Amino acid sequence: MTSSLGSFANHTKIANDTEHLYFVYYSFIRNHLHSLWQERPLAFVSAILLGGGLALFAWNEQSRRTGRIYGMPYMHHPKQGRAFPILGQALNFLRYRPWDLLTTWHLAYGPIVCFTLLGKTMFSIADPVLLKYVLQSKISHVKKDVHNTYKHFLVILGQGIVTSEDQSWMHQRLKMSQPLRSDILTQIPAQTLKALQNLMKSMDQAVETQQPVPLGESLRHLTLQVISGAFLSLPAEESDSTFAQIYMPIVDESNQRVWHPYRAWLIGLPFWWEYQRNVRKLNTYVSHLIRTRWALRRQEEKEGISEREKDVLDRVLQVYEKECDTIPHFLPENMVTQFRDEMKTFMLAGHETSAAMMTWAFYELMGDPDRLIAPLLQEACAVFDVKRDWAKSTAQDLPDAEALAKLTFSEATLRESLRKYSVVPIVARRTIKDLYMDNYYVPKGSSILINIQGVHWNPEFWPEPMKFDPERFLDAQLIAQRDPYTFLPFIAGPRNCLGQHLALLESKMVLSLLTQRYEFELVGQTAESIDWSGDRDPRHRFMVPAIPKEELIVKVKFRRN
Ligand code: HEM
């Protein structure tokens, strides 16, 4: 007892002494700075600037040193681009596509590289073994880097599944897996046919009037119609008129803010108000849909009948109802917000990515019709009856799941587009525990970039990576030999993409039925323009999902043979 009291007294004394010492130092510095400011303001400002500069330099050096300590190839003087104090690779990331730069580094220096960005030490990995380690074996050591990666999309994603973690993520994933993986897939062909028929109407008109069509934009509308139909039972007109007009401008502005973050601070400018207004409108609109659906379900429950086809929202509400001891008459507001964020998340995750994948597939088909169109057409005609006018057919006329599974060439074409164009080229993770990869040490709190494109473009796994070759996904022997972690468009492990089967199913129908009906020709571009040197690289410089830098404007003709 005495000794513990003694040690307490000692501690108190030390604490008091330390406090006193701090006070003396503080007063000394404050008085000197104050008199310097009074007597020689210029020297004062120079001292502050010099001190700040030295501190930043030390910070930058420290980041560089840590990279070296971990023993990894450190990108201070890489062959392409040069790092700068404080900024690190920021200027190079603005100058080159970040994922291209990282891919070049990986090819030159190996599967793991380290660099600094705005004073932060970052790691990039592009190797199947390391990727499996991070995405699967050590999943408990990493989290999504939500506030860096999805910052400007949080107005849409909110607390939905893409941005959630731990228990909340697990709960949502369990709830969504069944509806998305199997239940909804039976409805996708019918939804896709409806959306395709709308597109065919405008394409038929374009054939008559010989007006060129913006292909990427048309496919974006189509995928949004499929998602909003399958998830919220929205008719196409509503998806186009209301949803596309409020929602798409939000997505466009959020995309802009990724590379021009200052736009978020231009408070009061017309586009800033427009964005705020649209976000509010979208939230009100989706919340209203959810409340109305809840009321309809209560009504149907009371009457004991429900003949509607159930969409994803119904299925998700049904899971919630099963969790309730007594089903409330009005859906609690916190649940309205939760379901609203979930639905908005699916809109975002599910429409632009699939549209981008199809756009690249069409781009390649147009670039090499002799090699690619014939097998695609042959398969499409075997699955979709050629005598039928698919622009006027009904869902009952559609081939069944077994027949749709025979669209193997179109699926291989889509997979090859995902490989060559790596629609999502990179995803980010943050370590929450120290991690050891190979012989390298990655400390807790680091950012790790999962460089999907780096694996997709590695000739060790994909010979002649820039060649577009759907055969890679048709040859059974090649597929069997391949490490699954060399093809990661939907990543892998527990947080893999929930909509991958949906995306491939709708897209192979679109590819087959549009190719069966039309011939497309790029306006102002020729097959030779698929050239990746310098300015001729067809990809947008920064957008994710990766899209063409210029809208693909196409001339449309009916296919004759
Ligand atoms: C070609 C189309 C698609 C591509 C390339 C794609 C790619 C991806 C990637 C790379 C991720 C991982 C993101 C990360 O970890 O940060 C992801 C996650 C996700 N995707 Fe997709 N996606 C596609 C289509 C879809 C569709 C159609 C839906 C739904 C309708 C969807 C829903 C989701 C969801 C919910 C997640 C989050 C899963 C989780 O965190 O547990 N995706 N997707």
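Source: prediction; values computed, not measured. In each ligand, atom 1 is the first atom listed, and ligand 1 is the first ligand listed. Side chains included, hydrogens not; waters and symmetry mates left out as well; all remaining heavy atoms used.
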>> I need the protein N, O or S atoms closer than 2.8 Å to atom 21 (Fe) of ligand 1, given as residue plus atom name.
In response: Cys497 SG

> Do Lys420 and Asp469 sit within salt-bridge range, that is, some charged N less than 4.0 Å from a carboxylate O?
Replying inline: no

> More than 12 heavy atoms of other residues, nucleotides or ligands under 6.0 Å from NZ of Lys151: is that the case?
Replying inline: no

> Is Arg220 salt-bridged to Asp252, going by a charged N under 4.0 Å from an acidic O?
Replying inline: yes

> Which atoms of ligand 1 have any heavy atom of Phe231 under 4.0 Å away?
Replying inline: 30 (C)

> What do you reckon, is CD of Glu464 surrounded by more than 12 foreign heavy atoms closer than 6.0 Å?
Replying inline: no

>> Can you report which non-hydrogen protein atom sits closest to atom 15 (O) of ligand 1, along with the distance?
In response: Arg429 NH2, 2.8 Å

>> I want to confirm something. Looking only at heavy atoms, which of Pro489, Ser507, Ala356 is nearest to atom 9 (C) of ligand 1?
In response: Pro489

> Can you name the side-chain hydrogen bond (donor to acceptor under 3.5 Å, both in side chains) partners of Ser241, sequence neighbours left out?
Replying inline: none

> Parallel, tilted or perpendicular: which describes the rings of Tyr363 and Trp360, with under 30° parallel and over 60° perpendicular?
Replying inline: perpendicular

>> Measuring from atom 30 (C) of ligand 1, which candidate in Ile227, Ile450, Ile188 has the nearest non-hydrogen atom?
In response: Ile227

> For atom 13 (C) of ligand 1, what's the nearest protein heavy atom and its distance?
Replying inline: Tyr150 OH, 3.6 Å

> Between Phe473 and Arg482, is there a cation-pi geometry (under 6.0 Å to ring centre, at most 45° from the normal)?
Replying inline: yes

>> Considering both backbone and side-chain atoms of Lys144, is one of its nitrogen or oxygen atoms within less than 3.5 Å of a nitrogen or oxygen in ligand 1?
In response: yes

